[in-house]
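Beneath this line is the structure, given in structure tokens, with notes to follow.
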Amino acid sequence: ALAGGTGSGKSSLFNAITGTEAAPVGDVRPTTSEPLAAVPAGRPGVMDGYLDRMGIGRRVAHGFDNLSLVDLPDTDSVVLEHRHRVEAVLHRIDVLVWVVDPEKYRDSALHHGYLQPLSGYASQFVFVLNRVDRLRPDDADRVAEDLGVALGEDGIDDPVLIPTSVAPTAPPQGVDELVGWL
């Protein structure tokens, strides 16, 4: 599942990974109010029971045979129901892709509300520093290094950290690496 704060680019990343435009993206926040699952087109129905138990009714097919992906609402949404929705499914997800952006990667709500309490599950986490296209390469390296320091402070040592960008005006960066890791 893709988890993270408002405006971090979770839905844009979801669309880039799945090759769809199924997840709405936009400037109005919060954009994602209900989880959306992408399931393997070649294996229809294989995830239905699991997704039904999590209350994830919105689904789209995609081309990967062995990957199901969920776009979650924002962990820091001003709509309390969205945060509760995320918290209700977190413990049922195999791998959490924490999507952060250069503006909010040190956000207290993320680190104190989620990462520190869940640090015992760090082997199931991958971190995406999204929107690196907005930074100069040396700045992107510094932000990624500082994010690593912050994660260490949260009790997450040696995190998997993948810089990405899915800006509509440039080729995607890091998406293939993320898909390979998943």
Side-chain angles (χ1 to χ4, degrees), residues 1-41 47 51 54 56 58-77 82-83 85-86 89-90 93-107 109-111 114-115 118 122 124-135 137 139-141 143-144 147-148 150-151 156 159-182:
L2 301 174
T6 304
S8 61
K10 295 179 304 300
S11 296
S12 295
L13 192 58
F14 178 92
N15 289 341
I17 291 169
T18 62
T20 70
E21 293 296 324
V25 297
D27 293 329
V28 177
R29 304 286 183 242
T31 304
T32 306
S33 59
E34 289 292 323
L36 169 64
V39 296
M47 295 298 294
L51 294 170
M54 287 195 297
I56 300 174
R58 295 179 53 224
R59 300 169 194 171
V60 61
H62 70 92
F64 293 104
D65 287 335
N66 295 309
L67 175 66
S68 293
L69 187 66
V70 177
D71 182 23
L72 293 172
D74 305 324
T75 56
D76 63 352
S77 177
H82 294 183
R83 291 192 311 240
R85 189 87 170 107
V86 170
V89 300
L90 280 183
I93 301 295
D94 294 327
V95 175
L96 281 172
V97 179
W98 292 99
V99 182
V100 299
D101 63 25
E103 291 82 25
K104 295 188 337 183
Y105 73 94
R106 271 211 176 247
D107 184 70
L110 171 66
H111 291 275
Y114 291 98
L115 298 180
L118 295 173
Q124 295 171 247
F125 296 166
V126 61
F127 295 88
V128 167
L129 177 59
N130 198 19
R131 300 189 171 181
V132 294
D133 58 296
R134 296 180 177 189
L135 301 171
D139 289 338
D141 291 342
V143 170
L147 174 57
L151 294 172
I156 300 171
V160 174
L161 177 57
I162 302 172
T164 62
S165 173
V166 290
T169 57
Q173 298 175 25
V175 174
D176 289 340
E177 182 181 352
L178 176 58
V179 169
W181 193 91
L182 291 172

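Not measured: the values here are computed from a predicted model.
Side-chain N/O atoms of Asn130 and Ser8 include no donor and acceptor closer than 3.5 Å.
Contact between Phe125 and Trp181 at its shortest, heavy atoms only, is O-CH2, 4.2 Å. Annotation for Ala1 and Leu72: closest pair CB-CD1, 3.8 Å, computed over non-hydrogen atoms. Here the closest non-hydrogen pair linking Glu34 and Arg58 is O-NH1, 3.0 Å. Considering every non-hydrogen atom in both Leu69 and Phe14, the closest pair reads O-CE1, 3.5 Å. Minimum interatomic distance between Arg131 and Gly7 (heavy atoms only, all atoms of both residues): NH1-O, 2.9 Å. Nearest heavy atoms, Phe127 versus Pro159: CD1-CB, 3.8 Å.
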Would you sort out whether Thr18 and Val60 count as a side chain to side chain contact (heavy atoms under 4.5 Å, CB included), showing the intermediate values?
CA-CA 9 Å; Thr18 62; Val60 61; 5.5 Å; no
Stepwise side chain to side chain contact (heavy atoms under 4.5 Å, CB included) test for Asp133 and Thr169
CA-CA 10 Å; Asp133 58 296; Thr169 57; 5.8 Å; no
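Taking CE of Met47 as the reference point, atom CZ of Arg59 lies at 9.0 Å (rounded to 0.5 Å). Distance OG1/Thr75 to CG/Leu90: 9.0 Å, rounded to 0.5 Å. To the nearest 0.5 Å, the span separating OG on Ser68 from CG on Leu182 amounts to 11.0 Å. The distance from atom CG of Leu110 to atom OH of Tyr105, rounded to the nearest 0.5 Å, is 12.5 Å. Rounded to the nearest 0.5 Å, atoms CG (Asp74) and OG1 (Thr6) are 3.5 Å apart.
Counted within 6.0 Å of CG on Asp141, heavy atoms from surrounding residues, nucleotides or ligands total more than 12; the atom is thus considered enclosed.
Although no hydrogens or angles enter the test, the distance criterion places no donor-acceptor pair under 3.5 Å between the side chain of His62 and the main chain of Ile17. Side-chain atoms of Asn15 come within 3.5 Å of backbone N or O of Ala23 as a donor-acceptor pair.
The side-chain heavy atoms of Leu118 and Gln124, taken from C-beta on, include no pair separated by under 4.5 Å. Here the side chains of Pro172 and Ser165 are not in contact, with every heavy-atom distance at 4.5 Å or above. Within the 4.5 Å cutoff, the side chain of Leu51 has heavy atoms near those of the Met54 side chain. In this structure, the side chains of Val89 and Val70 stay at 4.5 Å or more apart for every pair of heavy atoms.
Test Asp101, Leu161, Val99 against Leu129 for side-chain contact (heavy atoms from CB on, under 4.5 Å) and you get one pass: Leu161.
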